[in-house]
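Contents: one structure, followed by commentary.
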Amino acid sequence: MLRRRPTSDPELSASEAPHRAEALPERAVTFSRRTFLQGSVGAALLGCGESPTVAVDDASTDAPDDASRCADPFAGAALLGLAPFVSQREGPLAEPFGAGLDGRLITDLTTLTDDALETPTARFYVRTRASSLLDLRDRDAVRGAWRVALGGDVDAPRDVPLAEILAQSAPLGATVMECSGNAAAADFGLMSAARWAGVPLARVVATARPRASATRVLVSGFDRYATTSARSRPGASWVFSRDELGDDGPWLVTAMNGEALPDDHGFPLRLIVPGWYGCASIKWVDAVQLVADDVAATDHMQEFASRTGQEGVPTLAREYRPAVMDPAAMPVRVERWRVGGRVVHRVVGVAWGGARPVDALEISFDGGIRYERVTGCVARTSSRSWGLWTHAWRPTETGRYIVRLRVPDRAVTQRRLDAGYYARTVEITSV
Ligand SMILES: Nc1nc2c(c(=O)[nH]1)N[C@H]1C(S)=C(S)[C@@H](COP(=O)(O)O)O[C@H]1N2
Ligand SMILES: [Mo]
């Protein structure tokens with residue numbers, strides 16, 4: 001049975017307000033020329049191979065052949081600056097704001113380079129800040145006392161001490177996490193990548209000896225807050241099928257980028273579900289219950305139903321499709337270069353999602369009417385994380401361009417790209 005829910009996106013505080021198309025484009029330019037030139041950006045972003053230089057003039061009209069795909073048409077050129085996106089952001093960038101369920105941190109994606117694909121912990125996006133009802137000040141005491149109530153339809157229910165998980169923690173590697181409510185109102189910065197360490201949830205579950213009738217696993221985290229939120233419902237929990245567990249499935253993690261989890265990212269224990277939207281990655285995990293096949297969907301799953309691509313709002317957990325991120329791509333900055341006396345733009349973007357890394361993209365500058373092959377290579381090594389791509393572009397007129405990406409293989413499901421979800425408008429002032 002499907003229930004109707006409001007379709008407006010409550011993820012950001014002001015997202016109910018109409019988007020301001022003319023909002024402050026200059027705020028999007030946070031990537032100063034100085035930072036740019038000081039960093040290793042010049043080298044890091046120029047492509048991923050030593051291939052011969054191609055003529056920039058041809059770059060935006062012809063699909064490059066394999067030999068020139070990683071070519072660097074900007075070798076020896078001068079970086080002039082950035083062309084700004086028309087920003088619709090409704091909160092500060094790169095610093096925490098708000099509290100509890102309405103607390104956020106929007107990651108600045110404009111500074112992404114091949115050398116710095118992992119988001120520093122302090123700049124990793126936050127979708128919900130730690131509850132003031134959860135006293136995390138004495139971190140050793142919290143670690144010592146934290147238990148996961150592991151039970152339900154099992155032969156050996158038990159309280160799993162955090163120490164047991166810490167003792168078994170191993171690297172999961174880098175994963176990209178995106179809030180399913182990532183949107184223009186956050187300049188699409190509710191997305192970050194980090195390295196995690198922990199244990200596969202499946203291993204912890206096995207220690208309780210689940211019965212055959214327990215086909216699903218309900219993971220819950222501490223989620224009570226002193227104040228109520230107008231937009232988000234407290235009570236974070238997600239139901240997985242036992243088939244979705246395994247070393248490739250959800251992990252219980254204790255460390256982020258080589259250090260203990262920060263409070264806002266779920267200290268002392270959170271779930272990370274590689275390849276899924278962030279809403280399934282429950283923070284402050286304190287219970288894991290084995291449940292029957294007809295278990296109800298949680299409030300949290302219902303809240304995120306439309307944003308995770310469900311049809312309507314299913315009432316049973318088994319009616320939910322996995323909250324996976326389809327292949328997606330968007331520009332993160334548009335650089336202006338001087339090459340041989342002319343201005344050439346280079347679009348730098350990120351690609352993520354999908355069961356396997358997409359290695360080809362097409363880009364449109366007219367909102368999705370005409371597409372051309374992305375000229376640089378799509379440097380993405382793992383389906384769990386993200387990678388950068390670049391595209392040489394020579395617009396012939398100044399003005400605003402709506403940039404969209406798509407995966408050329410139309411057999412690849414790409415719901416958000418098809419919907420124009422990540423379309424970004426860039427302002428070109430000189431050609
Ligand atoms: N306990 C709890 N866990 C939670 C949430 C929450 O509100 N409460 N929000 C989820 C959502 S919607 C997202 S996008 C991710 C964000 O994780 P982050 O804040 O560490 O980036 O946490 C998930 N885990
Ligand atoms: Mo989210």
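In each ligand, atom 1 is the first atom listed, and ligand 1 is the first ligand listed. These numbers come from the heavy atoms of this one structure, side chains and all, not from hydrogens, waters or symmetry mates.
- Between H265 and ligand 1, an N or O atom pair is found at a separation short of 3.5 Å.
- Ring-centre distance between W284 and F267: not below the 6.0 Å cut-off.
- For the pair W284 and ligand 1, the shortest N or O to N or O distance does not fall below 3.5 Å.
- Residue-ligand proximity, F304 to ligand 1, at heavy-atom distances under 4.0 Å covers atoms 12 (S).
- For ligand 1 and F222, the ligand atoms under 4.0 Å from any heavy atom of the residue are 1 (N).
- In terms of N/O distances under 3.5 Å, ligand 1 is not approached by S180.
- Of the residues D223, D264, D102, the one that meets the salt bridge (Lys or Arg N to Asp or Glu O under 4.0 Å) test with R129 is D264.
- Residue-ligand proximity: R270 is placed with a non-hydrogen atom under 4.0 Å from ligand 1.
- Taking the six-membered ring for Trp, F240 and W251 have ring centres at least 6.0 Å apart.
- The contact set between ligand 1 and F124, taken as ligand atoms under 4.0 Å from a residue heavy atom, comprises 21 (O).
- Under a 4.0 Å criterion applied to the non-hydrogen atoms of A236, ligand 1 contributes the atoms 1 (N), 2 (C), 3 (N), 6 (C), 8 (N).
- Remark: aromatic rings of Y401 and H345 are distant, center separation not under 6.0 Å.
- Remark: ligand 1 atoms within the under-4.0 Å shell around heavy atoms of L101 are 7 (O).
- Close contacts of ligand 1 with G278, meaning ligand atoms under 4.0 Å from a residue heavy atom, involve 10 (C), 11 (C), 13 (C), 14 (S), 15 (C), 22 (O), 23 (C).
- A side chain to side chain donor-acceptor pair (under 3.5 Å) check over residues 376-388, counting only residues at least two apart or in different chains, returns nothing.
- Salt-bridge formation is detected for the pair R416/E178: a Lys NZ or Arg NE/NH1/NH2 atom is positioned less than 4.0 Å from an Asp or Glu carboxylate oxygen.
- Residue contact check: C179 has heavy atoms under 4.0 Å from atoms 14 (S) of ligand 1.
- The distance between the ring centers of Y422 and W352 falls below 6.0 angstrom.
- The residues R143 and D140 are annotated as salt-bridged, a charged nitrogen and a carboxylate oxygen being separated by less than 4.0 angstrom.
- In terms of N/O distances under 3.5 Å, ligand 1 is not approached by H300.
- Close approach of ligand 1 to D223 (heavy-atom distance below 4.0 Å) involves ligand atoms 1 (N), 2 (C), 6 (C), 7 (O), 8 (N).
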